[in-house]
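Accompanying notes for the structure given below.
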Amino acid sequence: AAGRPVPRWLDEGAARVIAGEHSTEDLDLLARARVADQLLPLATLEDTFPADRMRAALAYAEAGRAVSLIDGEVPGALRRVLEALGRGATVDDALHAAAGRRTWQLDLDIERSIPRWRAWAVLVRDLDVAFALAALVTAWAGVRARRQVRMRRAAMPREALAPTLADLRLVRWTVAQSA
């Protein structure tokens, strides 16, 4: 950029993409932010990133995603954006000339690049639905087993269920012996 200032999101995003640090963890973070409607506008990331650790991680993920979208769709677009910034162009003008989009359009492209189904899939995976399903199956099996025991008892003759006098004497004797 010929020594001219570069927006922080573009600088950090380019560094992450060139270093290969833009990973699936970033995409998972972006997916969670999309579901929660917490994606940060790139315009707010021009001078500085948030001080909060979680929002800063989101800012880095968005910056990396933005740069990967710029350079992924139009080969060499990142270089042309930086050259235009070096000649004194604004960020919007440089993006429009090199990649055919403005900053606000890039915000929309970031959001669209994370399909809603993927965003929800990340949340479901994070909630560990397998354990919840296992608990439901276990509860269902317990209820079913209890129902079967009740059905067997209902099918037995009443005499078989009623305790006899001999049974009561045995219980009484056992309790007296243990005391």
Side-chain angles (χ1 to χ4, degrees), residues 1-140:
R4 293 187 186 253
V6 175
R8 178 83 188 263
W9 67 264
L10 185 60
D11 185 28
E12 296 296 342
R16 287 181 66 88
V17 169
I18 291 168
E21 294 176 359
H22 193 58
S23 65
T24 57
E25 292 171 8
D26 285 348
L27 293 175
D28 289 350
L29 185 62
L30 290 170
R32 285 186 213 98
R34 178 161 190 224
V35 168
D37 197 27
Q38 293 181 344
L39 291 172
L40 305 169
L42 293 175
T44 64
L45 304 175
E46 285 197 18
D47 298 323
T48 185
F49 277 14
D52 174 61
R53 186 177 68 85
M54 292 304 293
R55 292 184 57 82
L58 176 60
Y60 280 103
E62 280 190 53
R65 187 67 178 162
V67 170
S68 66
L69 288 173
I70 291 169
D71 211 39
E73 292 180 14
V74 181
L78 179 60
R79 181 182 49 78
R80 289 193 298 279
V81 167
L82 293 173
E83 288 171 352
L85 289 173
R87 290 190 301 270
T90 65
V91 178
D92 268 351
D93 292 340
L95 278 172
H96 189 264
R101 61 178 70 129
R102 305 269 182 203
T103 307
W104 66 269
Q105 291 169 316
L106 192 54
D107 283 332
L108 292 176
D109 290 344
I110 292 170
E111 186 175 338
R112 287 185 201 129
S113 73
I114 311 293
R116 201 165 282 286
W117 68 265
R118 186 188 193 291
W120 282 105
V122 168
L123 282 182
V124 167
R125 185 193 68 207
D126 287 350
L127 294 176
D128 215 356
V129 173
F131 283 123
L133 288 175
L136 286 174
V137 167
T138 303
W140 174 78

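Nothing fancy with the numbering, it's 1 onward along the sequence.
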Report summary line: Of all heavy-atom pairs linking L40 and P50, the shortest is CD1-CG, 4.2 Å

Query - Nearest-0.5 Å distance that lies between atom CG in L27 and atom CD1 in I114 - result: 5.0 Å

Query raised in the report: What heavy-atom pair brings A59 and F49 nearest, and what distance separates the two atoms?
Result: CB-CD2, 3.7 Å

Report task. With sequence neighbours excluded, give me every ring-ring contact (aromatic ring centres under 6.0 Å, His included) pair touching residues 94-113. Result -> none

Query raised in the report: Taking all atoms of both residues into account, what is the closest heavy-atom pair of A89 and D93, and its distance?
Result: CB-CB, 4.4 Å

Query raised in the report: Rounded to the nearest 0.5 Å, how far apart are OG of S68 and CG of D26?
Result: 9.5 Å

Query raised in the report: Do you know which of L42, L106, T103, L10 makes side chain to side chain contact (heavy atoms under 4.5 Å, CB included) with V91?
Result: T103

Query - Distance in Å, R101 CZ paired with D92 CG, rounded so as to fall on 0.5 Å steps - result: 12.5 Å

Report task. With rounding to the nearest 0.5 Å, note down the distance linking CD in Q38 to CE in M54. Result -> 9.5 Å

Query raised in the report: Which residue pairs pass the side chain to side chain donor-acceptor pair (under 3.5 Å) test with at least one member in residues 55-67, sequence neighbours excluded?
Result: R8-Y60, R65-S113

Report summary line: Between V81 and I70 the two heavy atoms that sit nearest each other are CG2-CG2, 4.5 Å

Requested in this report: Kindly compute the distance separating CG (L95) from CD (Q105), expressed to the nearest 0.5 Å.
Outcome: 9.5 Å

Report summary line: Shortest non-hydrogen pair, G13 vs V67, comes out as C-CG2, 3.5 Å

**Report entry** With sequence neighbours excluded, residues passing side chain to side chain donor-acceptor pair (under 3.5 Å) with R79
**Finding:** E83

Query raised in the report: Roughly how far apart are R112 CZ and D107 CG, rounded to 0.5 Å?
Result: 10.5 Å

Requested in this report: Please name the pair of heavy atoms, one in L78 and one in A14, separated by the smallest distance, quoted to 0.1 Å.
Outcome: CD2-CB, 4.1 Å

**Report entry** D52, CG atom: more than 12 neighbouring heavy atoms under 6.0 Å
**Finding:** yes

